Amino acid sequence: MKDNKTIILGIESSCDDTSAAVLADGWLLANVMASQDVHRQYGGVIPELASRAHQQNILPVVSEALRRSEVAMDEVDAIAFTRGPGLLGSLIVGTSFAKGLALSADVPMVEVNHLQGHILSHFIKVPGREVSQPSFPFLALLVSGGHTQIVRVDDYLDFTVLGQTIDDAVGEAFDKCAKMLDLGYPGGPVIDRLAKEGDPSRFRFAKPSIPGLDFSFSGIKTSLLYFLRDSLKEDPEFIEKNKNDLCASFQKDLIDILMKKLVKATGQTGIRQIVAGGGVAANSALRAAITSEGEKRDWSCFLPELRFTTDNAAMIAIVGYYKYQKGIFCGLDAAPISRAADYKL
Ligand code: KG4
Ligand code: ZN
């Protein structure tokens, strides 16, 4: 199996997905995920329940990834695990498991910043599927449930944050809008689906005016809240009657905010290679906006396969692979880092 290839076992447990993956020289052998449905009934992730579910899932998920990839533990060259950012209780399960496994199997460990994983997911090589990869430097639009950033990437492990949200993440804005419209959790995919049937120009919400390349999404969320409150006073069935148009309009405004800053970043840096990553990069309207803006402005755009947009261990393993090549390992004292601000990209 091994044939002198570098085998990386990746482990991801930063939020509500437990995942393990195996890469051989960057080629994907297995990517196993266990999502946690338990949070749906609460309309959001409950940290204690997430942590408990990770504890139940992690051993079966890692065993299954090794089994599917036909790799024995003594063939693994390094264990890459998500050190942060994320929910502390969730991160503790993944980091503790990685440490125990590394110690017992006598394998080195590589700590991985989850956000680097989202960005480098474009470099995961999938057997039987030839796709071009971005070259350096490129700009990454990182859009997830916890983060919204524009990052300049000069090399596999050389990241500079050019702009970021000063309040909510864009995925959070999708999820909160979905909650107001009673669409369930997570709301992003539902809004994406309903918006396809709606008129994006029907309603307009307050747009932020934030200098530089930073973002803000809390104002537009409040604008939707007040608009719904006033409209429901006049017609209690307002949401039901206008659901698709509300989704399409709110989604359009979120995408306009993202695209405005992305265009600005390409203007400021002169970089024309654009990479999208994170859960919201699955959004069909955002993908279409990046593609059409790219055609207009002569960008090379890289949109991740849908299975690599949401949290997965293959993206953790690919960062692990590049760190392994540079001999960057960590010790058993690597404690989880919950806050993004405390964990430099
Ligand atoms: O990257 P991710 O799985 O977890 C974090 O690292 O946060 O992103 C999850 C976020 C959620 O807010 C979810 O609503 C959003 O990604 N999302 C979407 C879509 N699919 C997932 N948002 C908009 N449209 C989608 N199709
Ligand atoms: Zn994520």
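Just so we're clear, the structure is a prediction, and the values are computed from it rather than from any experiment. Order of appearance sets the numbers: ligands from 1, and atoms from 1 within every ligand. The residues of the chain are indexed from 1 along the displayed sequence.
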| request: Decide whether an N or O pair under 3.5 Å exists between Asp192 and ligand 1. | output: yes
| Contact (N/O only, under 3.5 Å) between Asp311 and ligand 1 | yes
| said: Donor-acceptor pair, distance only, cut-off 3.5 Å: does the side chain of Lys264 make one with the backbone of Gly212? | reply: yes
| Asp342 bridged to Arg339 by N-O distance under 4.0 Å | yes
| Just wondering, do Leu258 and Val170 contact through their side chains at under 4.5 Å, heavy atoms? | yes
| request: Let me know which of Asp167, Val143, Ile257 forms a side-chain contact (heavy atoms from CB on, under 4.5 Å) with Phe215. | output: Ile257
| task | Using 2.8 Å as the cut-off, count the protein N, O or S atoms closer than that to the Zn ion (ligand 2). | result | 3
| field | Residue pair Phe138, Phe136: steps toward the ring-ring contact (aromatic ring centres under 6.0 Å, His included) verdict | value | CA-CA 5 Å; Phe138 61 80; Phe136 302 107; 5.6 Å; yes
| field | Protein contact of atom 15 (C) of ligand 1 - nearest heavy atom, named by residue and atom, plus distance | value | Val280 CG2, 3.9 Å
| atom 10 (C) of ligand 1: which protein heavy atom is closest, and how many Å away? | Gly145 N, 3.5 Å
| For ligand 1, which atoms sit closer than 4.0 Å to a heavy atom of His114? | 6 (O)
| query | Which heavy atom of Ser14 sits nearest a heavy atom of Thr82, and at what distance? | reply | CB-CG2, 3.9 Å
| query | Below 4.0 Å from any atom of ligand 1, is there a heavy atom belonging to His147? | reply | no
| field | Neighbour count >12 (heavy atoms, 6.0 Å) for atom CG, Asp158 | value | yes
| request: Return yes or no for this condition: an N or O of Phe174 is under 3.5 Å from an N or O of ligand 1. | output: no
| query | Where the side chain of Asp77 meets the backbone of Ile7, is there a donor-acceptor pair that is under 3.5 Å apart? | reply | yes
| Does ligand 1 have an atom that lies less than 4.0 angstrom from a heavy atom of His118? | yes
| Short list, please: which atoms of ligand 1 are under 4.0 Å from a heavy atom of Thr310? | 3 (O)
| query | Hey, is Gly146 one of the residues with a heavy atom under 4.0 angstrom from ligand 1? | reply | yes
| Best match, Val190, Asn283, Thr309, Leu306: closest heavy atom to atom 23 (C) of ligand 1 | Asn283
| query | Is there a donor-acceptor pair closer than 3.5 Å between any side-chain N or O of Ser19 and the backbone N or O of Ala313? | reply | yes
| task | Applying salt bridge (charged side-chain N to carboxylate O under 4.0 Å, His left out) between Asp256 and each of Lys207, Lys261, Arg204, report the one that passes. | result | Lys207
| message | So if I count the atoms of ligand 1 from 1 in the order they appear, which ones are less than 4.0 Å from some heavy atom of Gly171? | response | 12 (O)
| message | Just to confirm my output: which protein heavy-atom neighbour is closest to atom 12 (O) of ligand 1, and how far is it? | response | Asp175 OD2, 2.7 Å
| message | To check your reading of the model: name the closest protein heavy atom to atom 17 (N) of ligand 1, its residue, and the distance in Å. | response | Gly279 O, 3.6 Å
| query | For atom 22 (N) of ligand 1, what's the nearest protein heavy atom and its distance? | reply | Gly188 CA, 3.4 Å
| query | Between His122 and Ala276, is there a donor-acceptor pair closer than 3.5 Å when you use the side chain of the first and the backbone of the second? | reply | yes
| field | Shared hydrophobic cluster, Val275 / Val126 (ILVMFWY, side-chain heavy atoms < 4.5 Å) | value | yes
| Do Phe123 and Tyr156 make the cut of ring centroids closer than 6.0 angstrom? | yes
